[in-house]
Each structure stands twice: as C-alpha cells, then as structure tokens.
Student: 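Below is the structure I would like to discuss, written out as structure tokens.
Predicted, not measured: the structure shown is a model, and the values here were computed from it.
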Amino acid sequence: MTDSGDRLVSRDGHSVPLARRNSVLGADALELTAVPPATGAYSYDPGYASTASCTSRITYVDGEKGVLMYRGYAADDLARHSNFTEVSWLLLNGELPSHAELQSFSEELAGLRACAPEVLEAIAAMPAGAHPMSAMTVALSVMPAVYPECANPGDADHRRRFSHRAIANVATVAAAAYRNTIGETAIAPRHDLDYAANLLYMMFGEEPNPVAARALDTLLVLHADHEQNCSTSTVRMAGSSGVNPFSALAAGCIALWGPAHGGANEAVIKMLEEIGTSKNIGEYVARAKDPGDSFRLMGFGHRVYKNFDPRATIIRGICHEVLQELKTGKGRLFTLARQLEEIALSDNYFKDRRLYPNVDFYSGIIYRALGLPATMFTPMFAIGRTVGWTAHWCEMHSDPESRIGRPRQLYLGPTARSYTPVEKR
C-alpha cells in the first residue's frame, strides 16, 4: 500500500511529493524513485543503514526489541522445535511443509547431495593451506558449467532446481573443503542421515553423535537468514544483473568471509585465547573501554540489535549441552566466555551502549567442541546462510519491480580539468 501524504523539500525550495510505502511490521519507507532528476539531489546514506533496497516477505528483524522472525515464525522458536530442512522449505516457500511435503523435500535434498566430479576436482586442486572459504567460492564458481538446468532466473522450475541443488551441495562442498585442508580426500555423502548429521559424517568419517548433530542443526537454523545483511545484499546485487545464480552465491560467500560479518566468531575465539584466564578479564574489559587502545571485545554488540540478540541465548544453552555431552576439554573457553559476559553486562559502559552478546559469541566455542578448526567457522555459517541467499535470490527474480542494482554517489572529487602533457608537468 502507498499514500502520498509526505513531501520532500529540495535544496532549491521546491516541494516534491513522495509516496509512503507501508510495511506490515516495522518502519515504513519513503519512495525516492519518484524524485525527478531536476531536483539535483539524491539521498545520502553510507552503509545503507536507513535505505530499503527492496521489498521482501522472508525475514523480519526488530533490533530494538530483539526480534528475528522467519516468515512470521520466531527464529528461536523454530530453533527449539523445528529442523534445518523444514526451515529451508519454509524460507523458500513461505509456509511450513505438510508431512508429505517435508518427506519429499528431505528425500530430494538427500538425492542431490553428491556433487559433480568437476566441483570436487576444483576443490582438490586448491593450493595447500588455502582457506576453506576460498575453496567454497571456487566450487560455486565451477557450478554454472556443470548445472546448466539451473541457469535461467526467469524460469520458476530453474529457480526451484537451483535452490534445492545449492542447499544440498553446499554442505558437501564445505566438507570437501575441510578435508582438503587436512590433506584428506572428500567423503561421499550418506542418504540415510539427516542434513546436519550427514555434514558431520562427511567431515570426520565417523558416526555422528546425536547431541552434536542436533547442536549443529540448531546453529544452521539460526544462521539461515538475517534480512538484508551484507552478504544477502551482495547476492541480490550480483543476482540483479542476471548472472548465473551460483555465481551470485559465490559473491555472497566472499562478502560473508569478512571479519566484520561471518568471520566474527573466529575473532571471538582468538580474543578468548588472548585473554587466557579469568584473572585477566578485568584488564581486557578496561582496555576495551579505552578509546586509545586497539583491543575490542569481539562478539558484543550488533549493527541491527540494540537489545539481546535472540539467537545468542539459545546458542549459549546448546554450547553447555555440547560440552557436557562430548567432554572435549574445551570447557575452559566456555567458562571464560560466561565470566566475560557476566562482567561486561554488569558494567555501565556496555549497558549504556547496549553492547550485548551476539550470535557469534558462543557459536565458535560450539564449532571448536565439535572438532572444527577456526578456519571452518565461516564455512559453517555459509552453509546455513545459503538457504537465505537462495530464498532472496528467488524472491528477487519473482518480483516484477526488481531491477539491476545501481546505487548513486555523492561526488567529492576534482572539478573539470584539462590534460597536461607529461613533459610539461
């Protein structure tokens, strides 16, 4: 719905009518596409923090209230009661599946788990020491050549094939990338295991522990989507050009790899290792508050959430369950994290700034307890987020209003100049 009750006053004093686009939840948007070029002004919004680049029906985030919903369902509720395969269907199709739909979808994903040989060969050809995210990006870049039945974004059947293939294959790709980093060959997927259990099997070649599999499944659910974040917006931007969808996912992987996005849980582990023991927490908290010190508490605060991240509480709980079940000796970091959280949240500096633990604070501890090196933390994030990426890509190409992304800029460079030959400079 729209109305035209708002006005934009341009720099020359002329009023330009704006349409208000009404949301179902959260803030409305003022539509700037109607502003004529004659006004000589654009909106200026670094980081797009106040700009709606699209309409979407997939995920809703309320950072002030600490709310995250997938298609209207609270993500923390789904994490407790649902599973990753069911949530994947929900994000792709808008409704929870019937029993028959879920069974059929699960069987289809299981049947698609095996990657084309060319994809695995590309991973195996990566140089020794290559980061698994680099291998995943390469693998996704190979897929356009081996899965041509997914190439047409305007074809609903191609979109369905792509989304199902991507969700099924990304776990196999990540597991193969991990195996390559330890000098081992990829392990073929099993069709008799659920999604998370099969992922653990492909990485370690052992019968997965049910508690570990359930913990990993929960993490995948909580990472499945998060509205128009950096990597999802990257997938939409790349996909808006009509590029092959697997190439758009590769772009999303590259964006996710950054330490300010998907790499944050790896940074948390490094921080905890640096702090070392509980007796050092006070010193590091003081350093975090010192504007002249480069040290920062990783895993606290969020670009969107100004309240508790609804995912963090669940992840803290399953972290405790995993450590109790597996008895891996990794409990030291968990204890240190809990102590750091308690001290930081009792400090007015962090309370006044509403810097609460986020999804990254405990997830890395779980991954480490499962036996994964820090380099695999972001690939695990990418597996879960692939569902959101594909859902947004499909939604974008189903939207008649969708167009190629082309942001404007506020130019601050030199004015017109004449060229001077090099011998006269």
Student: Any salt bridge (Lys or Arg N to Asp or Glu O under 4.0 Å) involving residues 83-101? Give me the pairs, sequence neighbours left out, ordered by first then second residue.
Tutor: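 Of all non-adjacent pairs touching residues 83-101, none passes salt bridge (Lys or Arg N to Asp or Glu O under 4.0 Å).
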
Student: Return the minimal non-hydrogen interatomic distance between S398 and C394, and the atom names on each side.
Tutor: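 Smallest interatomic distance, heavy atoms only, reads OG-O, 2.8 Å.
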
Student: With sequence neighbours left out, write down each residue that passes salt bridge (charged side-chain N to carboxylate O under 4.0 Å, His left out) with E401, or none if nothing qualifies.
Tutor: R21

Student: Only pairs at least two apart or in different chains count here, so list each salt bridge (Lys or Arg N to Asp or Glu O under 4.0 Å) that has a residue in residues 108-128.
Tutor: E108-R160

Student: Holding to side-chain hydrogen bond (donor to acceptor under 3.5 Å, both in side chains), I want the full list of residues that pass it with N209, two or more places apart in sequence or in another chain.
Tutor: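 N209 satisfies side-chain hydrogen bond (donor to acceptor under 3.5 Å, both in side chains) with E325 once adjacent residues are dropped.
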
Student: Can you give me the closest heavy-atom contact between E206 and Y201, atom names plus distance?
Tutor: O-CD1, 3.6 Å

Student: Less than 4.5 Å apart, any side-chain heavy atom of R165 and any of M143?
Tutor: no

Student: Measure from the side-chain N and O atoms of S23 to the backbone N and O of L25, and report whether any donor-acceptor pair falls under 3.5 Å.
Tutor: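 Yes; at least one donor-acceptor contact below 3.5 Å.
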
Student: I need the H191 NE2 to L109 CG distance, nearest 0.5 Å.
Tutor: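 Going from the NE2 atom of H191 to the CG atom of L109 covers 11.0 Å.
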
Student: Could you note down all residue pairs passing ring pair (Phe, Tyr, Trp, His ring centres under 6.0 Å) where residues 68-87 supplies at least one of them, sequence neighbours left out?
Tutor: F84-Y195

Student: Answer yes or no: is there a side-chain heavy-atom contact under 4.5 Å between D225 and V387?
Tutor: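 No - every pair of side-chain heavy atoms lies 4.5 Å or more apart.
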
Student: Between the main-chain N or O of A116 and the side-chain N or O of Y147, is there a donor-acceptor pair closer than 3.5 Å?
Tutor: yes

Student: At what distance, to the nearest 0.5 angstrom, does OG1 of T59 lie from CG of L91?
Tutor: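 Going from OG1 on T59 over to CG on L91, the span is 5.5 Å.
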
Student: If you define the side chain from C-beta out and look only at heavy atoms, does anything of L297 sit under 4.5 Å from F350?
Tutor: yes

Student: Check whether any side-chain N or O of R71 sits under 3.5 Å from a backbone N or O of R57 as a donor-acceptor pair, and report yes or no.
Tutor: yes

Student: Is there a donor-acceptor pair under 3.5 Å between the side chain of D62 and the backbone N or O of V67?
Tutor: no

Student: Is the backbone of F381 close enough, under 3.5 Å, to the side chain of H223 for a donor and an acceptor to pair up by distance?
Tutor: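 Not at all, since once roles are kept as given, no pair shorter than 3.5 Å links the two residues.
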
Student: When rounded to the nearest 0.5 angstrom, what distance separates CD1 in I365 from CD1 in I318?
Tutor: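 Answer for the CD1-CD1 pair, I365 versus I318, is 11.5 Å.
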
Student: If you apply the rule salt bridge (Lys or Arg N to Asp or Glu O under 4.0 Å), what do you find for R287 with D290, and how did you get there?
Tutor: CA-CA 5 Å; R287 289 182 59 189; D290 181 356; over 6 Å; no

Student: Going by the rule salt bridge (charged side-chain N to carboxylate O under 4.0 Å, His left out), which residues pair with D192 if we only count those two or more places apart in sequence or in a different chain?
Tutor: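 Only R190 meet the salt bridge (charged side-chain N to carboxylate O under 4.0 Å, His left out) criterion with D192.
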
Student: Listing request: all side chain to side chain donor-acceptor pair (under 3.5 Å) pairs with a residue in residues 232-255, at least two apart in sequence or in separate chains.
Tutor: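 Of all non-adjacent pairs touching residues 232-255, those that pass side chain to side chain donor-acceptor pair (under 3.5 Å) are Q228-R236, N229-T232, R236-H392, R236-E395.
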
Student: Start with the C-alpha gap between L340 and L336, add the side-chain angles, then the distance that decides, and say whether side chain to side chain contact (heavy atoms under 4.5 Å, CB included) holds.
Tutor: CA-CA 6 Å; L340 176 59; L336 185 61; 5.6 Å; no

Student: Could you state the interatomic distance from OH (Y284) to CE (M271), rounded to the nearest 0.5 Å?
Tutor: 10.5 Å

Student: How close do S82 and D217 get, heavy atom to heavy atom, and via which atoms?
Tutor: O-OD1, 4.4 Å

Student: Could you note down all residue pairs passing salt bridge (Lys or Arg N to Asp or Glu O under 4.0 Å) where residues 241-250 supplies at least one of them, sequence neighbours left out?
Tutor: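 Qualifying pairs, neighbours excluded: none.
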
Student: Under the side chain to side chain contact (heavy atoms under 4.5 Å, CB included) rule, what do I315 and L219 come out as? Steps first, then yes or no, please.
Tutor: CA-CA 7 Å; I315 290 179; L219 285 172; 3.6 Å; yes

Student: Between the main-chain N or O of R20 and the side-chain N or O of D28, is there a donor-acceptor pair closer than 3.5 Å?
Tutor: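 Not at all, since once roles are kept as given, no pair shorter than 3.5 Å links the two residues.
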
Student: Of all heavy-atom pairs between P379 and T375, which one has the smallest distance, and what is that distance?
Tutor: CD-O, 3.3 Å

Student: What are the two closest non-hydrogen atoms of G242 and P153, and how far apart are they?
Tutor: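 The pair with the smallest heavy-atom distance is O-CG, 4.4 Å.
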
Student: Using side-chain heavy atoms (C-beta onward) and a distance below 4.5 Å, is N83 in contact with D194?
Tutor: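 No, every pair of side-chain atoms sits at 4.5 Å or beyond.
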
Student: Given 3.5 Å as the limit, does a donor-acceptor pair link the side chain of R403 with the main chain of P400, or not?
Tutor: no

Student: Are the side chain of H397 and the backbone N or O of G239 linked by a donor-acceptor pair below 3.5 Å?
Tutor: yes

Student: For D76, enumerate each residue passing the salt bridge (charged side-chain N to carboxylate O under 4.0 Å, His left out) test, keeping only those at least two apart in sequence or located in another chain.
Tutor: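 By the salt bridge (charged side-chain N to carboxylate O under 4.0 Å, His left out) rule, D76 matches R80.
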
Student: Any chance you could measure L216, atom CG, to S363, atom OG, to the nearest 0.5 Å?
Tutor: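 Atom-to-atom, L216:CG and S363:OG are 11.5 Å apart.
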
Student: To check you understand the geometry: which heavy-atom pair defines the closest contact between V322 and A215, and what is its length?
Tutor: CG2-CB, 3.3 Å

Student: So, taking the atom named CE in M396 and the one named CE in M237, what distance separates them when rounded to the nearest 0.5 Å?
Tutor: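 Answer for the CE-CE pair, M396 versus M237, is 10.0 Å.
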
Student: If you look only at pairs with a residue in residues 373-384, which of them pass as a salt bridge (Lys or Arg N to Asp or Glu O under 4.0 Å), with sequence neighbours excluded?
Tutor: none

Student: Near Y44 OH, under 6.0 Å, is it more than 12 heavy atoms from other residues, nucleotides or ligands?
Tutor: no

Student: Any chance you could lay out the side chain to side chain contact (heavy atoms under 4.5 Å, CB included) test for R385 and H226, step after step, and finish with the verdict?
Tutor: CA-CA 8 Å; R385 187 54 55 83; H226 206 248; 3.5 Å; yes

Student: Return the set of residues passing salt bridge (charged side-chain N to carboxylate O under 4.0 Å, His left out) with D399 (not counting sequence neighbours), or none when no residue passes.
Tutor: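 Not a single residue meets the salt bridge (charged side-chain N to carboxylate O under 4.0 Å, His left out) criterion with D399.
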
Student: Please tell me if the side chains of V170 and L249 come closer than 4.5 Å, counting only heavy atoms from C-beta onward.
Tutor: no

Student: A side-chain contact here means heavy atoms from C-beta on lying under 4.5 Å apart; do Y362 and R338 qualify?
Tutor: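 Yes, side chains in contact.
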
Student: Sequence neighbours left out, what pairs pass side chain to side chain donor-acceptor pair (under 3.5 Å) with at least one residue falling in residues 175-185?
Tutor: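 Listed once each, the pairs would be none.
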
Student: Take H158 and F162, measure what side chain to side chain contact (heavy atoms under 4.5 Å, CB included) needs, and give me the verdict at the end.
Tutor: CA-CA 6 Å; H158 278 228; F162 156 68; over 6 Å; no

